Amino acid sequence: MLKLQYPAGMTKDDNIIVLHDASRLKDEDINKYGSYFTLRTDSLGAFTIIALEPEDPVHAFVNRLYTLVLAREADEIGLESWTDTLIKKKSNGVDIGYGFVFSDECKEKNLSNEEFVEILYNTFMNRASDAGGKASWVSQLDAGVEREKVFAGFIYSVEFADICSEYKIKVGNVFEVGRLADALAHYRNQNADITKFVARCYTEALGREYEPDGLEAWCKVIIEKSNTPKQAAQSFIFSDEFLEKNLNNEEYVKVLYRTFMGREADEIGLAGWVEVLESGREDRMKVMEGFSDSVEFDGILQTFGLN
């Protein structure tokens, strides 16, 4: 926030007009003294015009972050501190943006995924979100992709590069921000489709949301090719957590339908598979393999770009 500096000997009680853009001034008929001048008129007497230079672009960039990310005016200490690091080239657009978005103050707002993405659009793309784009980013967050990964998607946009150019600051990159680079190295942030697939396994096979450590571990298994996606899904069915549910045959088959066919069981199909299990013709492992080899499950894998 710019503070008005009154010329020597003047107070706010004097007749004063403030111009916020000194470039509008003209030299003719004006007695200029630095950044202010006195104008005398027959009808109004003497009054002083104080001309302010346009706001420094680096100050304006930082002020913009306070407004769009924290939804408040900048405090003087914070404004000067952030501005100083930018002017001295100790920081850049990515670093400062990360500092605001992942500040304690911003975290304490407990933003929903929708609210978080909207702030990223307004701040780093200089516009409101479009429905399709917002839905895509939110779906990644809901599945367990971390906010740092989504943030990185915005700071590499052409729009943010244009914003930095307008305010005359360097864009920077994620590798200059240690905590951001560390977060992006997490397996859950390396392939959003794999993360979504694993989150789905938790929902359909175990009937609950993922926990971060488990999500990270299963994403690692698939990315490093220790297991195929199909093997990972099968492992959920025979995990200790699943076995401890002690499901009867009918409940078991219903889970297989949801996990491997993406739908609820039809009456005839359910009865047929339950009869196979209860007759002893096939065990649960064999029945599960039949579901996981289905055309339907192959289609589910393809929706996540997997095979």
Side-chain angles (χ1 to χ4, degrees), residues 1-2 55 58-87 90-131 133-157 159-160 163-164 167 169 171-189 192 195-196 199 202 208-216 219:
M1 184 68 66
L2 286 174
E55 185 178 11
V58 179
H59 266 92
F61 179 83
V62 177
N63 264 321
R64 182 176 180 276
L65 291 176
Y66 272 99
T67 300
L68 296 179
V69 178
L70 301 182
R72 67 174 175 87
E73 290 188 357
D75 56 280
E76 186 173 352
I77 294 176
L79 175 61
E80 295 306 321
S81 176
W82 286 113
T83 300
D84 185 62
T85 61
L86 283 170
I87 291 175
K90 295 179 180 179
S91 196
N92 52 57
V94 172
D95 188 19
I96 296 293
Y98 177 86
F100 272 82
V101 172
F102 293 94
S103 65
D104 289 341
E105 181 176 346
C106 190
K107 290 178 180 178
E108 288 169 2
K109 292 179 179 291
N110 293 316
L111 299 172
S112 67
N113 287 335
E114 290 80 3
E115 292 169 332
F116 178 77
V117 170
E118 194 64 38
I119 284 178
L120 296 185
Y121 268 100
N122 287 316
T123 305
F124 300 101
M125 299 190 78
N126 207 28
R127 66 175 175 87
S129 65
D130 58 281
K134 184 174 185 177
S136 177
W137 289 116
V138 170
S139 70
Q140 292 185 37
L141 292 170
D142 288 344
V145 173
E146 292 178 284
R147 290 187 171 187
E148 287 85 349
K149 176 64 175 179
V150 173
F151 170 81
F154 280 82
I155 61 175
Y156 280 130
S157 66
E159 290 87 343
F160 185 54
I163 290 170
C164 289
Y167 289 97
I169 64 171
V171 177
N173 62 70
V174 299
F175 302 107
E176 297 177 90
V177 186
R179 288 175 295 175
L180 176 57
D182 290 343
L184 296 181
H186 295 166
Y187 286 95
R188 61 196 282 196
N189 295 327
T195 304
K196 289 180 179 181
Y202 274 94
R208 66 173 176 86
E209 291 189 358
Y210 61 85
E211 78 281 352
D213 289 344
L215 182 67
E216 178 73 7
C219 287

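Because the structure is a prediction, the values reported are computed rather than measured.
- In this structure, T67 has no side-chain contact (heavy atoms from CB on, under 4.5 Å) partners at least two apart in sequence or on a different chain.
- Within the 4.5 Å cutoff, the side chain of Y66 has no heavy atoms near those of the E73 side chain.
- The ring pair (Phe, Tyr, Trp, His ring centres under 6.0 Å) check on Y187 picks up nothing, with sequence neighbours excluded.
- Residues T123 and V101 form no side-chain contact, since every pair of their non-hydrogen atoms from C-beta on lies 4.5 Å or further apart.
- Between T195 and Q140, the closest side-chain pair of non-hydrogen atoms is not below 4.5 Å.
- A search for ring pair (Phe, Tyr, Trp, His ring centres under 6.0 Å) contacts involving F154 returns Y121, W137, not counting sequence neighbours.
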Evaluate the ring-ring contact (aromatic ring centres under 6.0 Å, His included) criterion for residues F100 and W82: first the C-alpha distance (whole Å), next the side-chain angles of each, then the deciding distance (0.1 Å), finally the verdict. CA-CA 10 Å; F100 272 82; W82 286 113; 5.1 Å; yes
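- Scanning both residues, S103 and L70, for their nearest heavy atoms gives OG-CD2, 4.0 Å.
- Of all heavy-atom pairs spanning I163 and F61, the tightest one is CG2-CE1, 4.2 Å.
- Y98 pairs in a side chain to side chain contact (heavy atoms under 4.5 Å, CB included) with only one of the listed residues (V174, N92, L180, I155), which is L180.
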Let's go through F151 and F116 carefully: what are the C-alpha distance in whole Å and the side-chain angles of both, what is the deciding distance for ring-ring contact (aromatic ring centres under 6.0 Å, His included) to 0.1 Å, and is it a yes or a no? CA-CA 9 Å; F151 170 81; F116 178 77; 8.0 Å; no
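- From I169, atom CD1 reaches atom CD1 of I96 across 7.5 Å, with rounding to the nearest 0.5 Å.
- Looking only at side-chain heavy atoms (C-beta outward), E146 and P212 stay at 4.5 Å or farther from each other.
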Audit row: V94, N173, side-chain contact (heavy atoms from CB on, under 4.5 Å) steps and yes/no: CA-CA 6 Å; V94 172; N173 62 70; 5.6 Å; no
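- A donor-acceptor pair under 3.5 Å links the side-chain atoms of S139 to the main chain of S136, judged by distance alone.
- No donor-acceptor distance shorter than 3.5 angstrom exists from the side chain of R188 to the backbone of V145, with no hydrogens or angles considered.
- Annotation: ring pair (Phe, Tyr, Trp, His ring centres under 6.0 Å) contacts of Y210 (sequence neighbours excluded): none.
- Shortest non-hydrogen contact noted between L215 and A143 is CD2-O, 3.7 Å.
- Residues passing the side chain to side chain donor-acceptor pair (under 3.5 Å) test with Y167, sequence neighbours excluded: none.
- Annotation for E80: atom CD counts as buried by contact number, over 12 foreign heavy atoms lying within 6.0 Å.
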May I have the step-by-step check of side chain to side chain donor-acceptor pair (under 3.5 Å) for N189 and R147, ending in yes or no? CA-CA 9 Å; N189 295 327; R147 290 187 171 187; over 6 Å; no
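- When all heavy atoms are compared, the tightest approach of L68 to I119 is O-CG2, 4.0 Å.
- The salt bridge (Lys or Arg N to Asp or Glu O under 4.0 Å) analysis of residues 97-123, with sequence neighbours excluded, yields the pairs R72-E105, E118-K134.
- Side-chain contact between R127 and N122 is absent, with no heavy atoms from C-beta onward closer than 4.5 Å.
- Between L111 and C106 the shortest heavy-atom distance is CD1-SG, 4.1 Å.
- Between C164 and G93 the shortest heavy-atom distance is SG-CA, 4.3 Å.
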